[in-house]
Amino acid sequence: MKAFYLRKNSSLLSCSVALIAANLFTFCSEKKEAPKSKPLVAKVWDSNSEFMLHDFEVDSITNNIKKIDANYSVVPIEAGKALQVDFKKDEKITGIEVIPKVTLDAAKKYSVVFDAKSVGDRSTFISVVVKNKAGNAMQKIASIHPNEFKSYYLDISVQKEDVDSGLRDTPKAWKTDAIQMKINGLLYETDYSKLASISFIKKQGLNDKTILIDNIRIVENPERDPNFLKGIVDKYGQNAKMDFPIKISSDEELKKIADAELKSLAEYTLMPDRSKYGGWKDGPKLKATGFFRTEKVNGKWALVDPEGNIFFSIGIANVRMANSTSFTGIDYTDDSIKNRDPEDVTPEDSKGIVAIPNKIRKTAYVDNKLRNDMFIGLPSYDDPLANHYSYRRESHFGPVEHGETFSFYRANLERRYGEEYPESFNDKWLEVTENRFRNWGFTSFGNWIDPAFYDRNNLPYFANGWIIGDFQKVYSGVDYWGPMPDPFDPEFERRAKKSIDVVSKEVKNNPWCIGVFVDNERSWGSPNSYRTHYGLVLDGLSKDKNSFLKQEFMKILRKKHQKIENLNAAWETDIASWEALEKGVDYKKGKKFGEKMIADFSVLLEAFATKYFQVVHDALEKKMPNHMYLGCRFAVWGVTPEVRKSAAKFVDVFSYNYYKEGINKKYWEFLEEVDMPTLIGEYHMGAPDSGLLHSGLIHAKDQNERAEMWEDYAYSVIDNPYLVGCHWFQYLDSPLTGRAHDGENYNVGFVSSTDIPYPPMVKKAKEINSGLYPRRFGDAATKAK
């Protein structure tokens, strides 16, 4: 296992190339002895067997590191020198970039390894982005620990078995003390032997952060453990190869923990300042309408509960079993289980357990041995816990497109509470979950909860609907979750009405329902470039007259320009006729967009979004007039100003999923202009001491710091005058082997796969929520008196 260096005729070149703290630079010398004064933290890559630079050369660094809105310097440390990188807070990408001057052996496997520590008492969450000369990029993330140097590595040699595993990221493939950085995105097999750049960046932070980096090197990977993916899941769905604080080892232990919690929950009392609906009963009394609504109170937006109390929605999303299943690697030759009703309004990832008839189970076969070998204790089909098998007819992406699934979470609920009658453990789960939420001080559920909660009238909730169907589609170029529906297609409107009709019948005009989310993280486009900003328009223009969207675009353009010559003059084009435009023009590549063309694109994009929100709004207004429309939960990577402008005409509350360390000012400046109440629909942090194979989209170093980071985020929302709520995603951890929908295997839950709450998160929840209303609206109480 060697760090990379150049050889010629088996002899070391006198001018060698070494990696240094986010940059590669050339220095000339004779072969150097490995530094003994700066031993590596990671044992697998012994410093005595590696060729690397011992000290940082100031001139070489200055000549080669590119700053990305960050400062850096060479500073003394106990054993020599290190590179200090200062990351700035706010939404900017900040850090440093290296331009390598080496080509690796494409036949070998490598990792980028470095030693680092965070300055101060808290860790620093960073990304390391490796790009090759073909334009591909791999981004991996980690939380840099404070107080002492630790080694971190990112394997840049993704292999077929990694992708075929169906995991968002895999466990360590060899023994090492180094901390494995985790993928941000998806695993792909890509050749990184021709490196273009390596960047150490921080995408966003609530505070300025500083790290020290030392001993950066490229090393050849050790041999993989051939069984590193085998037998990683025990019968409880836990990591079989790792110990962690809340790991259980027997049914008796699980039952004992459950009994102790049930006793404590039976003794709790509600937080004293809460109303029936969880509003602030000690605050000012506002108009009571019998349903939830919004109002601005002393310059701060607020929700108002049905009794007229100020209400702030702090809760947890995805409280359901639908995402608790994971593919087992088994499928069936009997295809009848794959049949689906074309009029169904529920997507696959929102469905609960799908019962598998015995006649179909008899046709089972191993479809993915790699996955099937991961499990140690899956129950047999005649086991009492076999009712927790299910079937997923499609996945969003991954090597397994469909197949058998199993829910360890459901099975563990049955182990915890028993089964006095069919599904009695589920009824107990509903009760315990509500008691937990109220005990922990949450005021509501978030999006995506089991509809069984709807009529229990114990906790305010948000209903959810999806508009799926066989209508025409439009692509924005930023289509992570798939293309957009064509809102001008009559089938879209029919399906919207059908979906909302189903939701209205589930809600039954219940005042405990705060409002309705429809759809989620739609691919509206991104303002990063004209082609992604106006991708929906460009795709629409490329279509022919059979497209409903194209027909609408033609109406708008004809009305504005009257003659094709006028359009050509404005767009600086030479389109032969309106008929030629109607047949389709493709400006997705190789076209510079003028100012007047962009102005028209903006009008067309707003027309698209306006139609979408109007269709949904009108359907809700007809079927659920007493409940607020909370939009489609925008993803910050997929929304534009035109879309926000359109949404503002129809939604009662804006909603965003915002996976950052907290709410900063710059991105959210638009709220001052639109002056609308806004809700954070998703965010989370995770940590590696849970047994899970990935910590999620934002990392903490451990569960205690995870709770502290959650506190930072929650307070940044509570202190923002436009934000009226925030919903943690999600209630339970992802399955260890990844949720069936897309392989996410994150430590994002308030509870584990064994339904055990994480103590630091619960403790922090009570601290935050007990002071929620005085912190948010304390001035309102003073003025009310």
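For the pair R776 and F312, the cation-pi criterion (under 6.0 Å, within 45° of the ring axis) is not fulfilled. Under the 6.0 Å distance and 45° angle rule, R644 does not count as a cation-pi partner of F634.
Checked for salt-bridge contact, E253 and K256 miss the test: no charged N lies under 4.0 Å from a carboxylate O. Remark: K255 does not engage E252 in a salt bridge, criterion side-chain N to carboxylate O under 4.0 Å. A salt bridge is defined here as a Lys NZ or Arg NE, NH1 or NH2 lying under 4.0 Å from an Asp or Glu carboxylate O, and D344 with K351 meets this definition. A salt bridge does not link E708 to K764: none of the charged side-chain nitrogens sits closer than 4.0 Å to a carboxylate oxygen. Contact check on R410 versus E423 returns a salt bridge, with a Lys/Arg side-chain nitrogen under 4.0 Å from an Asp/Glu carboxylate oxygen. Salt bridge status for E261 with R436: present, with a side-chain N to carboxylate O gap under 4.0 Å. Remark: R522 engages D519 in a salt bridge, criterion side-chain N to carboxylate O under 4.0 Å. With salt bridges taken as basic N to acidic carboxylate O contacts below 4.0 Å, none links D618 and K622.
Between Y683 and F729, a ring centre-to-centre spacing not shorter than 6.0 Å is recorded. You'll find the ring centres of W668 and Y722 outside the 6.0 Å limit. The aromatic ring centres of F406 and F408 sit less than 6.0 Å apart. In this structure, F613 has its ring center at least 6.0 angstrom away from the ring center of F650. Y417 has its ring centre no less than 6.0 Å from the ring centre of W429. Ring to ring, H727 and W448 are not that close: their centroids are 6.0 angstrom or more apart.
Using modelled atom types and a 3.5 Å distance limit, the side chains of Q614 and T610 yield no donor-acceptor pair. Under 3.5 Å, the side chains of S123 and E705 contain a donor-acceptor pair of N or O atoms. Inspection of the D652 and T294 side chains reveals no N or O donor paired with an N or O acceptor under 3.5 Å. When only modelled atom types and interatomic distance are considered, R320 and N323 share a side-chain donor-acceptor pair under 3.5 Å.
Looking at heavy atoms from C-beta onward, M676 lies out of side-chain contact with V653 at the 4.5 angstrom threshold. For the pair Y746/L692, no side-chain contact is recorded, criterion being any heavy-atom separation below 4.5 Å from C-beta on. Considering only heavy atoms from C-beta on, V345 stays 4.5 Å or farther from W466 through its side chain. Within the 4.5 Å cutoff, the side chain of P735 has no heavy atoms near those of the N745 side chain. For the pair T124/H145, no side-chain contact is recorded, criterion being any heavy-atom separation below 4.5 Å from C-beta on. Y773 places a side-chain heavy atom less than 4.5 Å from the side chain of R274.
Screening residues 718-743 for salt bridge (Lys or Arg N to Asp or Glu O under 4.0 Å) gives R168-D742, D719-R775, R739-D742, R739-E744 as the qualifying pairs, with residues at least two apart or on separate chains.
Atom NZ of K296 sits in a crowded spot, with more than 12 heavy atoms from other residues, nucleotides or ligands closer than 6.0 Å. The environment of CD in E673 is sparse: at most 12 heavy-atom neighbours from other residues, nucleotides or ligands sit within 6.0 Å. Atom NZ of K247 sits in a crowded spot, with more than 12 heavy atoms from other residues, nucleotides or ligands closer than 6.0 Å.
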Problem set entry | Residue pair S275, D305: steps toward the side-chain hydrogen bond (donor to acceptor under 3.5 Å, both in side chains) verdict | CA-CA 9 Å; S275 71; D305 76 16; 2.8 Å; yes

For this session: Start with the C-alpha gap between F654 and W301, add the side-chain angles, then the distance that decides, and say whether ring pair (Phe, Tyr, Trp, His ring centres under 6.0 Å) holds.
Result: CA-CA 12 Å; F654 270 135; W301 277 107; over 10 Å; no

Exercise. What's the verdict on side-chain hydrogen bond (donor to acceptor under 3.5 Å, both in side chains) for N626 and N509, showing C-alpha distance, side-chain angles and the deciding distance?
Worked result: CA-CA 7 Å; N626 294 316; N509 203 37; 3.0 Å; yes

For this session: Run the numbers on S326 and T405 for side-chain hydrogen bond (donor to acceptor under 3.5 Å, both in side chains), then give the verdict.
Result: CA-CA 5 Å; S326 187; T405 65; over 6 Å; no

For this session: Might you work through the ring pair (Phe, Tyr, Trp, His ring centres under 6.0 Å) test for H699 and H684, ending with a clear yes or no?
Result: CA-CA 9 Å; H699 292 196; H684 68 221; 9.1 Å; no

Problem set entry | Residues F453, Y461; criterion ring pair (Phe, Tyr, Trp, His ring centres under 6.0 Å); working and verdict | CA-CA 8 Å; F453 286 108; Y461 66 89; 8.9 Å; no

For this session: Determine, step by step, whether E521 and N657 satisfy the side-chain hydrogen bond (donor to acceptor under 3.5 Å, both in side chains) criterion, reporting the C-alpha distance in whole Å, the side-chain angles of both residues, the deciding distance to 0.1 Å, and the verdict.
Result: CA-CA 8 Å; E521 293 189 353; N657 297 345; 3.0 Å; yes

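Not a single donor-acceptor pair under 3.5 Å links the side chain of D712 to the backbone N or O of E661. In this structure a side-chain-to-backbone donor-acceptor pair under 3.5 Å is missing from K182 to S695. Under the 3.5 Å distance criterion, the side-chain polar atoms of K300 are left unmatched by any main-chain donor or acceptor of V724. Remark: the backbone N or O of A609 is not paired with any side-chain donor or acceptor of S646 at under 3.5 angstrom. For the pair N769 (side chain) and L772 (backbone), a donor-acceptor distance under 3.5 Å is absent. Side-chain N or O atoms of E307 include none that pairs as donor or acceptor with a backbone N or O of N309 at under 3.5 Å. The closest donor-acceptor contact from the side chain of S424 to the backbone of E420 lies under 3.5 Å. The backbone N or O of I248 sits less than 3.5 Å from a side-chain atom of Q238, completing a donor-acceptor pair. Using modelled atom types, no side-chain atom of S407 and backbone atom of T325 make a donor-acceptor pair closer than 3.5 Å. Judged purely by atom type and a 3.5 angstrom limit, R415 has no side-chain atom pairing as donor or acceptor with the backbone of T754.
Under the ring-ring contact (aromatic ring centres under 6.0 Å, His included) test applied with F311, the options F292, Y277, W280, W512 reduce to a single match, F292. With F445 as reference, F437 is the one residue of F437, Y731, Y454 to meet the ring-ring contact (aromatic ring centres under 6.0 Å, His included) rule.
Aromatic ring orientation, H388 versus F425: perpendicular (interplanar angle above 60°, classes split at 30° and 60°). H627 and F291 have perpendicular rings, their planes meeting at more than 60° on a 0 to 90° scale where under 30° would count as parallel. In this pair, W524 and Y612 present their aromatic rings perpendicular. The plane angle is above 60°, beyond the 30 to 60° band.
Considering every non-hydrogen atom in both L459 and R438, the closest pair reads CD1-CG, 3.7 Å. Listed here is the closest heavy atom pair of E419 and N387: OE2-ND2, 4.2 Å. Shortest non-hydrogen contact noted between L732 and V748 is O-CG2, 4.4 Å. When every heavy atom of D349 is checked against every heavy atom of A322, the shortest pair comes out as O-CB, 3.5 Å. For P759 against I246, the heavy-atom pair with the smallest separation is CD-CG2, 4.2 Å.
Listed by chain and residue number, R393 satisfy the side-chain hydrogen bond (donor to acceptor under 3.5 Å, both in side chains) test with E348 (two or more places apart in sequence, or in another chain).
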